[in-house]
Enquirer: 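Below are the structure tokens for one structure; questions will follow.
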Amino acid sequence: RVRRGVYYRPLDTILGKSSPDPEALVDTILGLRGARALASGISQYNRLGLTTQVSGSITRSVPRRIHLKRVAGIPVYLSERPLEKQEGIRPEERTALDALRDLSRVPDASARDVLERLRELLVARRLKFERLARFALSEPPRVRALLGALGEDILMRRDGGKRMFSRGLRALRAKLNPLTSYRIRGAAGTLRRAPAWRIR
């Protein structure tokens, strides 16, 4: 018994009894509480090449506030995100949107580093702009503006990219207040189309 409602059957190894995987434990506990959870945070930033840092904690995006501080001695951080409005979103897509939320707070990376890496992932089709644009409609306005400027920047650099990006761009622009501007450090100097999305 690991904790109430959670059991683990250890395996015999040459080093003794095996221990449960902390990340699997966190996902199991959240599942028992009826919460859908997606991996995010520094470990996912590392997997996408957004940072070189390795996390000693476990971070999950969850649709509502849940109290869970530590599992198997490892700190757990839960970020409330609109997952109920983002049906079908993948962990790497959630991570990309979180990186835009935390643009100036990604460890060991500047805002320029993060935006350039996201651009690379979009151009290489590891991330699909149209899917990100759809999921970003339930994100804060500054995330929609950043993604829009990033998408339009790619559109300007690619021949034949207009059909691929125009639909998502129109949806993002329609969800922004045309009178609101966004002060986002490091973004205006990196994205050529930042002024068109009122990013300063």
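Residue numbers start at 1 and run along the sequence shown.
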Enquirer: Under the side chain to side chain contact (heavy atoms under 4.5 Å, CB included) rule, what do Asp12 and Lys17 come out as? Steps first, then yes or no, please.
Expert: CA-CA 5 Å; Asp12 290 315; Lys17 298 285 188 183; 2.9 Å; yes
Enquirer: Please assess Asp98 against Arg94 for the test salt bridge (charged side-chain N to carboxylate O under 4.0 Å, His left out), listing each intermediate value before the final yes or no.
Expert: CA-CA 6 Å; Asp98 280 342; Arg94 181 63 262 166; 2.9 Å; yes
Enquirer: Drop me the distance from Arg117's CZ to Thr51's OG1, to the nearest 0.5 angstrom.
Expert: 12.0 Å
Enquirer: Please give me the minimum heavy-atom distance between Ala136 and Leu97, naming the atom from each residue.
Expert: CB-CD2, 4.1 Å
Enquirer: With salt bridge (charged side-chain N to carboxylate O under 4.0 Å, His left out) as the test, would you mind laying out the steps for Glu92 and Arg126 before giving the verdict?
Expert: CA-CA 9 Å; Glu92 62 271 17; Arg126 280 189 60 189; over 6 Å; no
Enquirer: Start with the C-alpha gap between Asn46 and Ser43, add the side-chain angles, then the distance that decides, and say whether side-chain hydrogen bond (donor to acceptor under 3.5 Å, both in side chains) holds.
Expert: CA-CA 5 Å; Asn46 181 281; Ser43 62; over 6 Å; no
Enquirer: Going by heavy atoms in the side chains, are Arg119 and Ile154 under 4.5 Å from each other?
Expert: yes
Enquirer: Return the CG to CD1 distance between Leu83 and Ile89, rounded to the nearest 0.5 Å.
Expert: 7.0 Å
Enquirer: Look at the side chain of Arg33 and the backbone N and O of Ile66, then say whether any donor-acceptor pair between them is shorter than 3.5 Å.
Expert: no
Enquirer: Under a single-linkage definition using a 4.5 Å side-chain heavy-atom cutoff for Ile, Leu, Val, Met, Phe, Trp and Tyr, are Tyr77 and Ile74 assigned to the same hydrophobic cluster?
Expert: no
Enquirer: Nearest heavy-atom pair of Ala171 and Leu137: which atoms, and what distance?
Expert: O-CD2, 3.7 Å
Enquirer: Can you name the nearest heavy-atom pair linking Leu50 to Ala109, along with the distance?
Expert: O-CB, 3.3 Å
Enquirer: Ignoring hydrogens, what is the shortest heavy-atom contact between Gly56 and Pro75? Give both atom names and the distance.
Expert: O-CD, 3.9 Å
Enquirer: So, does Arg200 use its side chain to make a donor-acceptor pair with the main chain of Ser181 at under 3.5 Å?
Expert: no
Enquirer: If you define the side chain from C-beta out and look only at heavy atoms, does anything of Phe129 sit under 4.5 Å from Leu172?
Expert: yes
Enquirer: Restricting to salt bridge (Lys or Arg N to Asp or Glu O under 4.0 Å), what partner residues turn up for Arg105, sequence neighbours left out?
Expert: Asp102
Enquirer: So Leu176 and Tyr182, side chain to side chain contact (heavy atoms under 4.5 Å, CB included) or not? Walk me through it.
Expert: CA-CA 11 Å; Leu176 290 174; Tyr182 310 94; 3.4 Å; yes
Enquirer: Are Arg101 and Arg81 packed together at the side-chain level, in the sense that at least one heavy-atom pair is separated by less than 4.5 angstrom?
Expert: yes
Enquirer: Measure the shortest side-chain to side-chain distance between Val71 and Ile58 over non-hydrogen atoms and say whether it is less than 4.5 angstrom.
Expert: no
Enquirer: Do any N or O atoms from the side chain of Arg167 and from the backbone of Glu130 form a donor-acceptor pair under 3.5 angstrom?
Expert: no
Enquirer: Keeping Arg198 on the side-chain end and Ala145 on the backbone end, is there a donor-acceptor pair under 3.5 Å?
Expert: no
Enquirer: Would you give the length of the straight line joining atom OH of Tyr8 to atom CG of Asp21, rounded to the nearest 0.5 angstrom?
Expert: 8.5 Å
Enquirer: Determine the sole option in Lys128, Gln86, Arg131 for which the side-chain hydrogen bond (donor to acceptor under 3.5 Å, both in side chains) test with Glu93 is passed.
Expert: Arg131
Enquirer: For the hydrophobic clusters of this structure (ILVMFWY residues joined by side-chain heavy atoms under 4.5 Å, transitively), does one cluster hold both Leu100 and Ile42?
Expert: no
Enquirer: Find the distance between CG (Leu127) and CZ (Arg125) and round it off to the nearest 0.5 Å.
Expert: 12.0 Å
Enquirer: Check Gln53 against Pro107 and note the closest heavy-atom contact, atom names and distance.
Expert: CG-CB, 3.7 Å
Enquirer: Which residues pass the side-chain contact (heavy atoms from CB on, under 4.5 Å) test with Ala111, sequence neighbours left out?
Expert: Leu103
Enquirer: Carefully, step by step, assess Leu78 and Leu30 under the rule side chain to side chain contact (heavy atoms under 4.5 Å, CB included).
Expert: CA-CA 10 Å; Leu78 303 178; Leu30 292 174; 4.1 Å; yes
Enquirer: Measure the spacing between CG of Leu147 and CG of Leu122 and express it to the nearest 0.5 Å.
Expert: 7.0 Å
Enquirer: Under the side chain to side chain contact (heavy atoms under 4.5 Å, CB included) test against Trp197, which residue among Leu191, Ile184, Leu169 passes?
Expert: Leu169
Enquirer: Grab the two heavy atoms, one from Pro82 and one from Ser138, that are nearest each other, plus how far apart they are.
Expert: CG-O, 3.5 Å
Enquirer: Please name all residues satisfying salt bridge (Lys or Arg N to Asp or Glu O under 4.0 Å) with Arg60, sequence neighbours left out, ordered by chain then number.
Expert: Glu23, Asp27
Enquirer: I want to check something: taking the side chain as every heavy atom from C-beta on, are Tyr45 and Ser55 in contact at a cut-off of under 4.5 Å?
Expert: no
Enquirer: Between Arg192 and Asp153, is the salt bridge (charged side-chain N to carboxylate O under 4.0 Å, His left out) condition met? List the steps.
Expert: CA-CA 6 Å; Arg192 291 193 297 176; Asp153 199 30; 3.5 Å; yes
Enquirer: What I'd like to find out is whether the side chain of Leu132 reaches to under 4.5 Å of the side chain of Glu139, using heavy atoms alone.
Expert: no
Enquirer: As an exercise, state the distance from CG of Leu118 to CG of Asp113, rounded to the nearest 0.5 Å.
Expert: 11.0 Å
